[in-house]
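Okay, so here's the structure we're looking at.
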Amino acid sequence: MLRLGFHDTAGVDDLEHLSAGGGSVLRSVVDTVLPPDANRSREKLTEHVRFIDGYLVGMDPADLAQLGWLLFGLEHGTILAGKLRRFTRLPPADRADVLQEWRTSSIGLRRLGYRSLAALGILAFYRDDEAFATIGYPGPLMREGWVGPAEAAARYDALLAPADAEPGSAA
Amino acid sequence: MIFGADHVRSDRVLEADLCVVGSGAGGAPVAAEAVAAGKSVVVLEAGRFWRPKDFTQLEHEMFPRLFHEKGGRATRDKAVKVHQGKGVGGSTLHNINLCKPLPMAILRHWKAEHGLEALDEATATALFDEVETRLGVTTLTDNDLNHNNRVLKEGAEALGYPGGFLRHNRTGCMGSGFCELGCPFDAKNNALKVFIADAVAGGATVLADTWAVRVTLDGRRATGVEAVVRHPDTGATLHRVTVKAKAVCVSASATATPSLLRRSGVDDPGALIGSRLHLHPGTAVAAVFDRDLDSWQGIPQSWECTELLDLEDESKDLRCWLIAAFAHPAGVGSILAGFGADHARWMKDFKRIAAISPMVHDHTVGRVDPRGDFGVSIDYWPDEADRAQLRRGLVEGARILLAAGAARVVVPLSTPVEVTSADEVDRLIGSIPIERHDIDITAVHPMSSVWMGDDPATSCCDSRGRYHHADNLFVADTSLYPTSIGIPPQITTYAMGLHVGRAIVATL
């Protein structure tokens with residue numbers, strides 16, 4: 001996986017699928033994508049990045065590599081948006097300018113890059129009641145411990161093979 | 001019984017009369033039919049066995065569980081999202097329960113082009129009736145309309161546009177609105193609840209978490225399937241499974257079925273397999289109202305507008321279905337709402353947003369190829385004529401939303417187009433470009449990649465689902481359709497499953 005130097009990688013230096021540098025860029029992306037919140041902590045942003053990293057488990061290696069290159073391109077391609085510093089070192093308003101440039105770019109791949117990163121950030125954000133409350137969404141009706149209708153639970157449980165059963169015969 | 005990855009602790013061999021690859025609307029009735037006829041059946045399903053308690057109603061948890069590539073599957077250039085389900089029950093776990101049988105005009109067109117000697121109108125109608133009975137299909141009523149669908153209905157009626165209530169296969173629905181994330185109330189009369197349950201009760205063995213790698217062949221004769229059990233989270237290969245069978249039915253979806261056949265090296269003299277993919281591409285137009293709608297609540301799609309859809313008379317070129325569309329916060333936010341302050345502005349109105357989706361009965365021909373041992377590679381972008389249909393759908397969707405009282409309408413392009421009066425619709429939406437990565441194009445109905453017809457030179461399977469160039473090898477899923485069908489495919493797919501299942505039984 002791609003390695004980027006000179007990053008603040010605290011909290012993202014042990015990711016499973018993204019490099020520490022990639023995680024650092026992603027943290028800046030998430031900070032820019034999410035609704036502005038002066039009280040949002042760095043720890044919360046890090047948590048979002050760690051969620052996204054976990055979400056990548058099982059992804060095709062080629063897609064993972066593309067994501068690494070996408071983050072690399074965003075970090076080092078800011079000059080194309082008229083910025084002289086790398087993405088992670090830009091102030092928030094300038095980061096937003098860069099993402100907006102990607103979002104509305106005449107180059108389809110840049111628009112795709114923006115869409116992909118924004119979707120990951122938004123998926124990471126709308127995971128809990130705190131985020132749901134910001135938009136008046138009540139969240140799931142089901143809460144932890146829900147087992148479904150009792151009759152249905154029994155019916156489906158009966159379809160499942162016993163834990164010690166094994167199908168067919170040994171090869 | 002249903003077995004999962006936890007049950008398979010070593011490489012395994014199974015023997016059966018029939019091996020079915022896939023447990024959705026195509027494969028499940030095939031399995032049930034074979035079992036009912038006294039045949040031994042093994043079903044291989046790539047996804048897990050989920051039960052109502054597993055449907056947490058959280059997008060970030062359910063996308064990975066219920067959708068291939070965690071809901072991120074897309075065309076090769078990633079310009080069209082292709083949502084395809086997995087899990088025992090396939091896409092019927094997450095679908096919206098829309099029940100529309102194949103229009104007879106489409107069947108007549110198929111018969112004119114491809115013969116289909118075993119599938120006349122009477123046979124098809126009887127199959128659809130049987131499926132609807134087994135699935136408990138009923139027509140929804142005004143009481144079933146949520147606010148989003150009521151907006152569609154009221155707006156369409158204000159404009160004099162035709163439409164009507166849809167038919168659904170749900171029993172005991174409490175209208176929670178989380179259908180796309182699986183039903184924790186078990187209200188969906190889906191492939192798992194109806195057909196797989198019957199198959200298992202009759203002795204079928206279902207292997208979940210098990211990915212078919214190739215159909216094995218001895219000359220022209222299918223002899224079984226080689227598969228692997230994969231870790232449900234990491235995808236790591238855990239063990240190999242060999243199924244020896246007298247017949248094989250591939251029902252893995254219109255992307256995975258052709259990929260599996262190609263990967264298996266079946267004879268394909270015309271290089272037809274995978275070459276005729278249709279997707280029903282769709283997009284969305286949204287609007288903010290001055291009242292709360294809570295569009296995520298209630299049955300998501302209960303009313304249809306057919307102003308732009310006429311499948312009986314092709315000369316009208318009306319190929320766009322208008323349907324209510326909504327999702328939960330991540331789904332809506334990622335399509336509609338931009339980022340940062342722009343995102344906050346839109347999502348502040350989340351409770352007051354309605355949306356309509358135009359879905360096109362597409363003429364565009366795409367293709368699908370295998371990607372590695374398990375994946376698919378999809379090439380598809382709607383041609384100009386289909387993009388024009390989408391554009392008309394956006395225009396009429398905007399008109400409907402405004403007629404229903406929307407304060408502002410938005411087409412979520414990269415630079416969103418906002419409209420506040422009907423006078424602006426044609427000028428601002430009627431000529432929008434529909435370009436790759438500039439607008440969300442989503443497809444949920446891949447089909448027609450291994451299509452049926454009487455002539456082996458121009459089709460892949462006969463009208464009983466038997467692959468033309470192999471013995472004892474069948475297909476039963478949306479792959480069989482010779483064209484797009486213009487309506488949600490589940491009833492037709494279940495019906496073809498019964499039809500093909502009976503044909504298979506007759507050969508065993």
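Each chain gets a letter, A, B and so on, in the order its sequence line appears, and its residues count up from 1. Just so you know, these numbers come straight off a predicted model, no measurement behind them.
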Turns out that what part of Asp440(B) lies under 4.5 Å from chain A's heavy atoms comes down to both
Quick one: what part of His60(B) sits under 4.5 Å from any heavy atom of chain A, side chain, backbone, both or neither? both
Do you see a donor-acceptor pair shorter than 3.5 Å between the side chains of Thr216(B) and Glu226(B)? no
Any idea which of Phe132(A), Phe125(A), Tyr126(A), Tyr114(A) has the most non-hydrogen atom pairs under 4.5 angstrom with chain B? Tyr126(A)
Tell me whether the NZ or CZ atom of Arg127(A) lies within the 45° cone about the ring axis of Phe51(A) and under 6.0 Å from its centre. yes
Where does Val8(B) contact chain A at under 4.5 Å (heavy atoms): side chain, backbone, both or neither? both
Contact class of Ala153(A) relative to chain B, heavy atoms under 4.5 angstrom: neither
Heavy-atom cut-off 4.5 Å, strictly under: side chain, backbone, both or neither for Met142(A) against chain B? both
Heavy atom to heavy atom, less than 4.5 Å: which residues from residues 326-335 of chain B reach chain A? His328(B), Pro329(B), Ala330(B), Gly333(B), Ser334(B)
Check whether Glu16(A) gets within reach of chain B through its side chain, its backbone, both or neither, counting any heavy atom under 4.5 Å. neither
Turns out that what part of Thr242(B) lies under 4.5 Å from chain A's heavy atoms comes down to neither
With a distance cut-off below 6.0 Å to the six-membered ring centre and an angular limit of 45° from the axis, does Lys70(B) pair with Tyr55(A) as a cation-pi contact? yes
Who among Gly136(A), Ala131(A), Gly139(A), Gly121(A) has the most heavy-atom pairs with chain B under 4.5 Å? Gly136(A)
Side chain, backbone, both or neither of Met174(B) within contact of chain A (heavy atoms, under 4.5 Å): side chain
With chain A, the option among Leu192(B), Thr205(B), Asp77(B) that has the most non-hydrogen atom pairs under 4.5 Å is Leu192(B)
Top residue by heavy-atom pair count (under 4.5 Å) with chain A, among Asp186(B), Leu58(B), Leu14(B), Val88(B)? Asp186(B)
Does any heavy atom of chain B fall under 4.5 Å from the side chain of Arg155(A), the backbone, both, or neither of them? side chain
Among Leu34(A), Ile122(A), Asp157(A), Asp31(A), residue most engaged with chain B (heavy-atom pairs, under 4.5 Å): Ile122(A)
Using only heavy-atom distances, determine whether the side chains of Asp438(B) and Ser414(B) contain a donor-acceptor pair under 3.5 Å. yes
Quick check on the interface: out of Pro184(B), Gly235(B), Ala344(B), who has the most heavy-atom pairs with chain A under 4.5 Å? Pro184(B)
Using non-hydrogen atoms and a 4.5 Å limit, figure out which bit of Arg371(B) sits close to chain A: side chain, backbone, both or neither. side chain
Which of Arg12(B), His7(B), Lys53(B) touches chain A most, by non-hydrogen pairs under 4.5 Å: Arg12(B)
Part of Phe374(B) lying under 4.5 Å from any heavy atom of chain A: neither
Picking from Thr134(A), Asp60(A), Asp164(A), Thr104(A), which has the most non-hydrogen pairs under 4.5 angstrom with chain B? Asp60(A)
Counting only heavy atoms closer than 4.5 Å, note whether Phe185(B) contacts chain A via side chain, backbone, both or neither. both
Heavy-atom pairs under 4.5 Å with chain B are the metric here; pick the option from Ala62(A), Ala158(A), Ala118(A), Pro149(A) that has the most. Pro149(A)
Using distance alone, with no hydrogens and no angle criterion, decide if Ser176(B) and Gln297(B) have a side-chain donor and acceptor under 3.5 Å apart. no
What part of Ala170(A) lies closer than 4.5 angstrom to a heavy atom of chain B: side chain, backbone, both or neither? both
The interface call for Pro92(A) against chain B, heavy-atom contacts under 4.5 Å, is neither
